[in-house]
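Keep in mind that what you see is a predicted model, and the values were worked out from it rather than measured. For reference, positions follow the sequence shown, starting with 1.
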Amino acid sequence: MKKTIHTLLITLLSFTAGSVFAHDYHQGSIQIDHPWSREAPPTATVIAGFFQLKNTASSDDFLLSASTPIAERVEIHTHEMADGMMQMKKIDAVRVGSMQSVMFEPGSYHLMIFNPNKSYKKGERFPMTLTFEKAGSIEVEMAIEEAGHVHTHTH
């Protein structure tokens with residue numbers, strides 16, 4: 001009996017630990033993998049947000065906006081070449097094609113988070129709401145990674 005209870009407790013703790021460390025979110029056909037931001041100095045007036053979006057639906061969806069209670073505003077940005085220079089550009093939406101993935105990563109799509117209310121350190125998290133045309137609003141937590149971090153998705 002004691003062994004059965006011990007095995008049951010270990011199994012339950014394994015599931016609980018997995019959900020604590022899991023860092024992906026699902027709603028409808030949209031999956032958001034590993035939302036993160038980098039540590040920034042206390043004087044930073046803007047930080048960036050990154051993640052991977054996956055759409056498992058048979059039709060496209062669009063990321064329309066993002067918001068967080070920790071900052072004045074959040075904008076969706078991309079990089080584009082203009083006059084021989086790479087520049088950031090604010091955009092209104094990002095298409096997430098049917099059965100496709102879109103990476104929000106340094107040098108590509110990303111969120112610009114303006115005037116955060118504090119300087120976040122590695123290991124901390126803050127809330128973010130991503131709003132999609134079809135999937136609606138999805139609440140996520142942005143994990144703070146060290147300053148030089150670059151996340152890659154292998155799955």
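Taking every heavy atom of both residues into account, Ser119 and Ala40 meet most closely at OG-O, 2.8 Å. For the residue pair Ser67 and Val74, the shortest heavy atom distance occurs at CA-CG2, 4.0 Å. Contact between Ser98 and Ala57 at its shortest, heavy atoms only, is OG-O, 2.7 Å. The minimum heavy-atom distance between Ala66 and Leu130, with the atom names listed, is CB-CD2, 3.7 Å. Smallest separation of non-hydrogen atoms from Met128 and Ile113: CE-CD1, 3.7 Å. The two residues Gly107 and His79 make their nearest non-hydrogen contact at C-ND1, 3.3 Å.
A donor-acceptor contact shorter than 3.5 Å links the side chain of Thr68 to the backbone of Pro127. When atom types are taken as modelled, the side chain of Glu75 and the backbone of Met112 share no donor-acceptor pair closer than 3.5 angstrom. A donor-acceptor pair is defined here as one N or O able to donate and one able to accept, closer than 3.5 Å; no such pair exists between the side chain of Asp33 and the backbone of Gln52. With hydrogens and angles ignored, the 3.5 Å screen pairs no side-chain donor or acceptor of Thr129 with any backbone N or O of Glu139. Under the 3.5 Å distance criterion, the side-chain polar atoms of Asn115 are left unmatched by any main-chain donor or acceptor of Arg73. A donor-acceptor pair is defined here as one N or O able to donate and one able to accept, closer than 3.5 Å; no such pair exists between the side chain of Asp61 and the backbone of Ile30. In this structure, Gln27 contributes its side chain and Ala135 its backbone to a donor-acceptor pair below 3.5 Å.
Distance NE2/His110 to CZ/Phe50: 6.5 Å, rounded to 0.5 Å. Put simply, OH on Tyr120 and CD1 on Ile144 are 7.5 Å apart, with the number rounded to the nearest 0.5 Å. Within the model, atoms CD of Glu39 and NZ of Lys122 stand 7.5 Å from one another, a figure rounded to the nearest 0.5 Å. Between atom CG of residue Leu111 and atom CZ of residue Phe104 there is a gap of 6.0 Å, rounded to the nearest 0.5 Å. Rounded to the nearest 0.5 angstrom, Met142 CE and Phe51 CZ are separated by 6.0 Å. Going from atom CD of Gln31 over to atom OH of Tyr25 covers 12.0 Å, rounded to the nearest 0.5 Å.
Using the six-membered ring where Trp is involved, His23 and His34 have ring planes that are perpendicular, over 60° apart on the 30 and 60° scheme.
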Can you give each donor-acceptor pair under 3.5 Å made by side-chain atoms of residues 84-95, sequence neighbours left out, with the distance rounded to 0.1 Å?
from  : atom 1 : to    : atom 2 : distance (Å)
Arg95 : NE     : Asp60 : OD2    : 2.8
Arg95 : NH2    : Asp60 : OD2    : 3.4

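Using a 4.5 Å cut-off on side-chain heavy atoms (C-beta onward), Phe132 and Asn55 make no contact.
Taken together through direct or relayed side-chain contacts under 4.5 Å among Ile, Leu, Val, Met, Phe, Trp and Tyr, Ile138 and Tyr109 form part of one hydrophobic cluster.
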| Evaluation steps, side chain to side chain contact (heavy atoms under 4.5 Å, CB included), between Lys134 and Ser59 | CA-CA 10 Å; Lys134 295 178 183 169; Ser59 62; 3.1 Å; yes

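Ser137 is linked by a side chain to side chain donor-acceptor pair (under 3.5 Å) to Thr131, counting only residues two or more places apart in sequence or in another chain.
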